[in-house]
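Just below is one structure, and these are the notes that go with it.
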There are 2 protein chains.
Amino acid sequence: MEKYIKILENCPLFEGIDDDSLSRMLVCLGAKIKTYGKKAMIMSEGMASGEVGIMLSGRAQITQTDYYGNRNIFSKVGPYEVFNEAFACAQTKSLPVSIVADEPCCVMFIDCDHILHTCSNNCGFHQQLIYNLMKDLAMKTIRFHEKIEATSKRTTREKLLAYLNICAKKQGNTFSIPFDRQELADYLEVDRSGLSAEISKLRKEGVLTCRKNQFSLL
Amino acid sequence: MEKYIKILENCPLFEGIDDDSLSRMLVCLGAKIKTYGKKAMIMSEGMASGEVGIMLSGRAQITQTDYYGNRNIFSKVGPYEVFNEAFACAQTKSLPVSIVADEPCCVMFIDCDHILHTCSNNCGFHQQLIYNLMKDLAMKTIRFHEKIEATSKRTTREKLLAYLNICAKKQGNTFSIPFDRQELADYLEVDRSGLSAEISKLRKEGVLTCRKNQFSLL
DNA sequence: CCGTTTTCGTTGAAAATTCAACATAAAATA
DNA sequence: TATTTTATGTTGAATTTTCAACGAAAACGG
């Protein structure tokens with residue numbers, strides 16, 4: 001477990017907790033590590049899990065697929081980020097989404113109850129951990145607000161521009177997005193070919209330039 | 001403040017806290033009460049607020065309006081429910097939504113920092129309060145998942161059916177929704193007239209019956 | 001109780017999306 | 001490196017949505 005401490009230092013969930021405390025805390029919390037290959041299911045729709053996942057390395061997507069085969073990407077999970085925290089906290093019986101590895105992933109799991117209820121061992125930094133989880137949950141809500149802000153627009157063009165503007169607000173006018181074209185279409189809830197056409201049009205109009213997943217707003 | 005205790009007993013945010021403790025806690029937290037008339041702005045887009053709102057009576061909507069005049073309803077806030085908790089927790093500088101009273105509202109405000117950081121007076125139930133706020137934030141995330149699940153569908157018909165199925169899962173096959181037609185359209189992010197047409201069609205097909213905001217799935 | 005305002009359902013035309021199919025470019029793999 | 005697979009861009013037809021306009025019904029207010 002020790003070798004993961006360096007990684008966890010970068011994780012907002014453990015912010016403000018020193019290495020020694022973290023090391024002891026992980027034992028107390030019963031943290032487990034699992035690894036997954038590309039395209040592996042980390043969690044799947046319909047299951048129940050009270051565990052919070054922490055992405056140590058790799059990247060995964062939170063998706064939902066309806067019976068017509070339309071895939072909706074709720075979000076991406078990158079290194080140091082947390083997932084399943086809301087469903088674990090709310091003790092959801094049936095997970096409404098699947099979590100699929102985009103690439104080989106290393107994930108730490110912690111039972112949410114162990115985070116929420118301070119243990120008898122009296123870990124000093126437990127309050128900090130709870131506070132961090134709270135912030136994380138708040139940020140998750142804001143992320144969804146952003147997705148809804150983009151997808152609520154009525155045309156593909158407006159959805160795309162709304163999304164790119166949100167990215168630009170965070171990263172500056174040149175930025176990379178965590179999606180390829182199909183994934184961006186699934187995130188924005190539009191047709192891929194229509195999205196490609198719209199990107200071309202915006203390029204010709206001189207609104208943006210792009211190379212793969214690297215965009216610049218002009 | 002005392003007269004609000006009976007109301008707050010029903011509020012999940014204060015679950016597990018007895019009346020006496022709650023009464024003392026409210027003073028300690030610096031709770032304030034404000035009232036609003038119909039259509040009044042409780043909070044407006046662009047402002048910053050570190051306060052959590054608790055709806056004591058009345059109902060409000062969380063909305064966003066883009067520069068083409070399209071209104072998007074993120075959610076409704078009814079009695080005993082909490083709002084602005086995510087933005088307050090995350091210390092957002094500029095609120096991306098407005099909160100508008102549907103009808104006369106009575107709201108309690110509490111500074112989020114006072115909830116997050118236990119005070120020197122050592123209120124016994126403060127941990128419970130933090131725990132409750134965490135659950136609330138988790139539920140908020142799940143509510144957004146539900147909205148996205150419905151709005152991610154590609155046709156008005158599918159969006160409507162997805163939404164009604166989510167309602168039915170919670171309340172049974174006959175239920176009322178908190179929206180009128182225009183509001184439902186704004187929540188589902190579709191055109192009102194198209195939504196009305198779709199409801200008529202479903203009625204003729206014998207899929208559902210409805211009277212105003214009361215629906216039955218058959 | 002009546003007049004006014006708001007909500008709701010209906011319609012047809014214009015605009016946009018989706019869908020299917022294909023060509024090309026890029027990436028992965030043997 | 002050659003081959004295969006995947007990703008991307010392009011197009012036109014079919015479907016769906018949006019928009020504007022209208023009448024009827026319901027809710028509201030005096």
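In the text below, chain A, chain B and the rest are named by the order of the sequence lines, each starting its count at 1.
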Q. So, is A:Lys201 close to the D:dG9 phosphate, meaning a side-chain N or O under 4.0 Å from OP1 or OP2?
A. no

Q: Looking only at side-chain atoms of A:Thr156, point me to the closest of D:dT17, C:dT17, C:dT10.
A: C:dT17

Q | Any N/O donor-acceptor pair, A:Ser193 side-chain to C:dC19 base, under 3.5 Å | A | yes

(Q) Looking at B:Arg203 and C:dG9, is any side-chain donor or acceptor paired with a base atom of the opposite kind under 3.5 Å? (A) no

Q) How about A:Lys147 and A:Asn72: does a side-chain donor come under 3.5 Å of a side-chain acceptor? A) yes

Q: If the plane angle is over 60° it's perpendicular, under 30° parallel, otherwise tilted; pick one for A:Phe175 and A:Phe215.
A: parallel

**Q.** Contact nearer the 5' end of DNA chain D, comparing A:Arg154 with A:Glu183
**A.** A:Glu183

(Q) Using a 4.0 Å heavy-atom cut-off, does A:Asp180 contact any base of the nucleic acid, only the sugar-phosphate backbone, or nothing at all? (A) sugar-phosphate

Q. Pick the nucleotide of DNA chain D nearest each of B:Lys38 and B:Glu189; which residue has the one closer to the 5' end?
A. B:Glu189

Q. Between D:dT10, C:dT7, C:dT10, which one does the side chain of A:Ser196 approach most closely?
A. D:dT10

Q: Report yes or no: do B:Gln64 and A:Glu149 form a side-chain donor-acceptor pair below 3.5 Å?
A: yes

Q | Side-chain N or O of A:Thr155 closer than 4.0 Å to phosphate OP1/OP2 of C:dA16 | A | no

Q. For A:Lys212 and C:dA27, is the shortest distance between a side-chain N/O and OP1 or OP2 below 4.0 Å?
A. yes

Q) Closest nucleotide of DNA chain C for B:Ala197 versus for B:Lys39: which of these residues is on the 5' side? A) B:Lys39

**Q.** Test of ring centre spacing under 6.0 Å for B:Tyr163 and B:Tyr187
**A.** yes

Q. Of the nucleotides D:dT8, C:dG9, D:dT18, which has the atom closest to the B:Asp191 side chain?
A. D:dT18

Q. If you check every side-chain atom of B:Ser200, which of C:dT17, D:dT17, C:dG9 has the closest atom?
A. C:dG9

